[in-house]
Amino acid sequence: MRIERDQRGDYVLEPTALAEKLSIPPEDLRRRMKLGLVTSLVEAGEGEHAGLRRLTVRCGAEVWRAVVDADGKIIEEERRGEPALSRLVRRATRAF
């Protein structure tokens, strides 16, 4: 996934690729975005990390974080979240 910037300098991520990174269906991501349930944070690197940015996207228990260079190339990334089995059990218990 390549990360682009718009005319204002904001980072723009392709929703389908982001949904894959968060391990959720694209339609769920779009719905959650419309509801304001997706948050993002951009942090600028300092010192030896100057010129890099750390992007963090949160959607419920899922978190995707990437460090990108000035060209939008991902240097490193990580995904954290609730394990799929735990998520399945939680959903099943809510149904009762």
Check your understanding: If you take all heavy atoms of A19 and P26, which pair is closest and at what distance?
Key -> CB-CA, 3.6 Å
Exercise for review: Give the minimum heavy-atom separation between L22 and E62, together with the two atoms involved.
Suggested key: O-CG, 3.4 Å
Spacing of [X] atom [atom1] and [Y] atom [atom2] [to the nearest 0.5 Å]:
{"X": "L41", "Y": "R65", "atom1": "CG", "atom2": "CZ", "answer": "8.5 Å"}
{"X": "R58", "Y": "R32", "atom1": "CZ", "atom2": "CZ", "answer": "14.5 Å"}
{"X": "K21", "Y": "T16", "atom1": "NZ", "atom2": "OG1", "answer": "13.0 Å"}
{"X": "T39", "Y": "M33", "atom1": "OG1", "atom2": "CE", "answer": "11.0 Å"}

So, do [X] and [Y] sit near enough that their side-chain heavy atoms are less than 4.5 Å apart?
{"X": "I24", "Y": "C59", "value": "yes"}
{"X": "P25", "Y": "D28", "value": "yes"}
{"X": "V68", "Y": "Y11", "value": "yes"}
{"X": "V38", "Y": "V57", "value": "yes"}
{"X": "W64", "Y": "T56", "value": "no"}

Exercise for review: Find out if a path of hydrophobic residues (ILVMFWY) with successive side-chain heavy-atom gaps under 4.5 Å connects L13 to V42.
Suggested key: yes
Check your understanding: What about L55 and I74, same hydrophobic cluster or not, with Ile/Leu/Val/Met/Phe/Trp/Tyr joined at side-chain heavy-atom distances under 4.5 Å?
Key -> yes
Revision key, fill the gap. The residue among R54, R53, H49 that forms side-chain hydrogen bond (donor to acceptor under 3.5 Å, both in side chains) with E43 is R54
Point to revise | Electrostatic pair E77:R79 at N-O distance under 4.0 angstrom | key: no
**Study point:** Pairing of D71 and K73 as salt bridge, 4.0 angstrom limit
**Key:** no
Review point. Excluding sequence neighbours, so at least two apart, what forms salt bridge (Lys or Arg N to Asp or Glu O under 4.0 Å) with R30?
Key: none
Review point. For R5, what residues pass the salt bridge (Lys or Arg N to Asp or Glu O under 4.0 Å) criterion, not counting sequence neighbours?
Key: none
